2 protein chains.
Amino acid sequence: MLQDSDAKAELDAIVETIVYLYTESRRLTKQAAREVGLTGPQLTVIKLLDTFGDLSLSTLSERIRAQNSTVTGIIDRMEREGLVLRERSTSDRRVVYIRLTPKGRQLSKDVEVQPMEIFRDVLATLSRDDTKDLLRILSKLQKRVRGLVKDRETEGR
Amino acid sequence: MLQDSDAKAELDAIVETIVYLYTESRRLTKQAAREVGLTGPQLTVIKLLDTFGDLSLSTLSERIRAQNSTVTGIIDRMEREGLVLRERSTSDRRVVYIRLTPKGRQLSKDVEVQPMEIFRDVLATLSRDDTKDLLRILSKLQKRVRGLVKDRETEGR
DNA sequence: CGCGAATACTTCGTACGCGAAGTATTCAGC
DNA sequence: GCTGAATACTTCGCGTACGAAGTATTCGCG
């Protein structure tokens with residue numbers, strides 16, 4: 001009966017591959033950003049702001065899956081470089097909106113690479129069926145992880 | 001003809017989900033490590049050394065997909081905490097082997113969580129067919145990314 | 001043998017990335 | 001309308017994470 005160890009090897013291979021795809025895409029994005037004097041996260045922020053318009057710092061944090069304290073630092077450095085501006089909301093003075101400067105907007109236009117671009121490119125080469133299968137299975141996984149995460153949060157109270 | 005925008009939305013969803021699964025698994029691993037006074041990478045290193053025995057710093061770097069300079073720092077801190085030892089190879093004096101101390105080995109036994117554990121757990125709930133499909137498609141993606149990466153490296157010379 | 005290239009690792013500077021604690025502002029309920 | 005809880009953001013300390021430059025050692029080849 002090799003089923004168990006086979007299954008385990010398959011799981012390892014899947015985890016290994018996901019980690020590879022993620023880290024490699026990230027590395028290549030970083031490399032592309034570098035060529036215009038940006039870091040990976042900074043490129044992501046610029047593209048988000050260019051696409052969605054001004055965003056509050058919290059919204060930005062959610063979008064790039066980072067803590068507010070992390071994004072504060074990223075915005076600090078981008079502000080120093082004249083790529084973005086901080087603007088207090090008048091309706092809720094706790095909120096800070098981040099806005100692209102002309103320089104920041106121009107830079108966004110200059111860089112055609114999207115975050116995780118390489119990953120997207122390669123995904124686009126999959127057959128229609130493979131794409132659908134992949135999304136279906138991944139969604140299943142995501143749903144279950146969300147369930148587990150919620151359980152842990154609840155249990156800790 | 002909505003095919004194009006549909007397809008694009010699907011790609012976005014896939015990328016989004018992969019990023020979610022990866023970052024969430026990482027976050028939860030970090031949390032588990034925290035409970036025994038370790039960081040995420042440190043837990044990973046301890047588990048690797050406990051499983052494979054002494055490893056050179058370079059081997060360790062490859063395994064955790066980080067640069068040597070990063071791992072040097074991680075090992076510095078672990079050595080300071082008495083979890084590992086550095087040992088010069090006698091056959092090649094450039095090489096440094098990293099070895100678990102009894103304290104480090106004990107800690108590894110104490111923590112039952114593997115790196116990316118949550119991801120593994122959830123993967124294990126997939127049907128046999130889904131698992132096979134997922135691995136098949138991901139392998140395809142990985143192969144193509146490897147191809148692209150190799151192309152870029154070659155073209156830059 | 002001898003010496004330039006390659007390899008293994010370290011050091012340094014900068015940028016994330018996080019959690020805990022702090023500040024300012026708004027909200028909720030009385 | 002007052003006050004304690006909640007929310008948005010910042011600050012701080014620490015640990016990655018990387019690339020470039022530096023050191024020590026080994027390899028390759030004439």
Side-chain angles (χ1 to χ4, degrees), chain A residues 19 22-24 26-35 37-46 54-81 83-98 115 156, chain B residues 19 22-24 26-35 37-46 54-81 83-98 115 156:
Chain A
V19 171
Y22 178 88
T23 57
E24 200 61 18
R26 225 176 127 105
R27 191 175 69 78
L28 291 170
T29 301
K30 186 176 180 176
Q31 205 173 297
R34 228 179 137 69
E35 288 171 17
L38 292 176
T39 65
Q42 287 173 8
L43 174 58
T44 306
V45 166
I46 276 186
D54 302 355
L55 295 175
S56 74
L57 191 136
S58 303
T59 311
L60 219 41
S61 303
E62 282 171 31
R63 280 300 193 138
I64 68 177
R65 278 178 205 296
Q67 301 299 313
N68 284 347
S69 54
T70 300
V71 178
T72 293
I74 294 172
I75 298 302
D76 281 349
R77 287 178 289 273
M78 292 179 74
E79 204 173 16
R80 199 178 65 202
E81 298 295 325
L83 301 171
V84 297
L85 290 175
R86 277 183 166 90
E87 194 152 309
R88 281 268 164 212
S89 162
T90 48
S91 61
D92 183 344
R93 297 187 31 73
R94 291 170 303 180
V95 175
V96 173
Y97 283 104
I98 315 299
Chain B
V19 172
Y22 179 87
T23 55
E24 200 60 19
R26 228 176 124 105
R27 193 176 69 77
L28 291 170
T29 301
K30 187 175 180 177
Q31 206 172 296
R34 229 178 137 68
E35 288 171 17
L38 290 176
T39 64
Q42 286 174 6
L43 174 57
T44 306
V45 166
I46 276 185
D54 303 355
L55 295 175
S56 74
L57 191 134
S58 303
T59 311
L60 219 40
S61 303
E62 282 172 31
R63 279 302 193 135
I64 68 177
R65 277 180 207 293
Q67 301 299 313
N68 285 347
S69 53
T70 300
V71 178
T72 293
I74 295 172
I75 297 302
D76 281 349
R77 289 178 286 273
M78 292 179 74
E79 205 174 13
R80 199 178 65 202
E81 297 295 325
L83 301 171
V84 298
L85 290 174
R86 275 182 166 90
E87 194 152 308
R88 280 270 164 209
S89 162
T90 48
S91 59
D92 183 342
R93 296 187 31 72
R94 290 172 304 181
V95 176
V96 173
Y97 282 103
I98 314 300

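Predicted model only: the values in this text are computed from it and were never measured. We name chains A, B, ... by the order of the sequence lines, and we start the count at 1 in each one.
- Rounded to whole Å, atom C1' of C:dT7 lies 13 Å from atom CG of B:Leu57.
- Phosphate proximity of C:dC18 to A:Thr70: present, with a side-chain N or O under 4.0 Å from OP1 or OP2.
- For the pair A:Thr59 and A:Arg34, both in contact range of DNA chain D, the more 5′-proximal nearest nucleotide belongs to A:Thr59.
- A distance-only check finds a donor-acceptor pair linking the side chain of A:Arg88 to the backbone of A:Arg94 [under 3.5 Å].
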Could you check B:Arg27 against B:Lys30 for side-chain contact (heavy atoms from CB on, under 4.5 Å), going step by step and ending with a plain yes or no?
CA-CA 5 Å; B:Arg27 193 176 69 77; B:Lys30 187 175 180 177; 5.6 Å; no
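- In this structure, CD of A:Gln31 is placed 19 Å from P of D:dA17, rounded to the nearest angstrom.
- Rounded to an integer number of Å, the gap from CD of A:Gln67 to P of D:dG15 is 18 Å.
- One atom, CG of B:Leu38, and another, C1' of D:dC14, lie 15 Å apart when rounded to the nearest Å.
- In this entry the distance linking NZ of A:Lys30 with P of C:dC16 reads 9 Å, nearest Å.
- Atom-to-atom, CD1 of B:Ile75 to P of C:dT11 comes out at 14 Å; the value is rounded to the nearest Å.
- For B:Arg86, the CZ atom counts as densely surrounded, since its 6.0 Å shell holds more than 12 non-hydrogen atoms of other residues, nucleotides or ligands.
- Ranked by how close their nearest DNA chain C nucleotide is to the 5' end, A:Ile64 and B:Arg88 are led by B:Arg88.
- Of the candidate nucleotides C:dT10, C:dC16, D:dT26, C:dC16 has the atom nearest to the side chain of A:Arg77.
- Listed nucleotides: C:dC18, D:dT25, D:dT11. Nearest to the side chain of A:Asp76: D:dT11.
- For A:Asp92, taking side-chain heavy atoms from C-beta onward, the closest of the listed nucleotides C:dT10, D:dT16, C:dT26 is C:dT26.
- Rounded to whole Å, atom C1' of C:dC16 lies 15 Å from atom CG of A:Asn68.
- The base of C:dG19 sits within donor-acceptor range of the side chain of A:Ser69, with an N or O pair under 3.5 Å.
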Full working for side-chain contact (heavy atoms from CB on, under 4.5 Å) between A:Ile75 and A:Val96:
CA-CA 11 Å; A:Ile75 298 302; A:Val96 173; over 6 Å; no
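- In this structure, B:Arg65 does not reach the D:dT16 phosphate: none of its side-chain N or O atoms is under 4.0 Å from OP1 or OP2.
- Taking the side chain of B:Thr72 as heavy atoms from C-beta on, and the options C:dA15, D:dT10, C:dT10, the nearest nucleotide is C:dT10.
- Considering only side-chain atoms of A:Gln42, the nucleotide from C:dT10, D:dG19, C:dC16 that sits closest is C:dC16.
- The side chain of B:Ser56 places no N or O atom within less than 4.0 Å of a non-bridging phosphate oxygen (OP1 or OP2) of C:dA8.
- Within a 6.0 Å sphere centred on CZ of A:Arg63, other residues, nucleotides and ligands contribute 12 heavy atoms or fewer.
- Note on B:Arg80: a side-chain N or O is less than 4.0 Å away from OP1 or OP2 of D:dG15.
- Ranking D:dT26, C:dA15, D:dA17 by closeness to the B:Arg93 side chain, first place goes to D:dT26.
- The listed nucleotides are C:dA15, D:dT10, C:dT10; the one nearest the side chain of B:Arg86 is C:dT10.
- Listed pair A:Arg26 / C:dG17 meets the phosphate criterion, a side-chain N or O lying under 4.0 Å from OP1 or OP2.
- A donor N or O paired with an acceptor N or O is found under 3.5 Å between the base of D:dT7 and the side-chain atoms of A:Arg94.
- Remark on DNA chain C: of its neighbouring residues A:Met78 and B:Tyr97, the 5'-side contact belongs to B:Tyr97, judged by nearest-heavy-atom nucleotide.
- In this structure, the CD atom of A:Glu87 is 19 Å from the P atom of D:dA8, given to the nearest Å.
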Derivation of the side-chain contact (heavy atoms from CB on, under 4.5 Å) call for A:Leu38 and A:Leu83
CA-CA 10 Å; A:Leu38 292 176; A:Leu83 301 171; 3.6 Å; yes
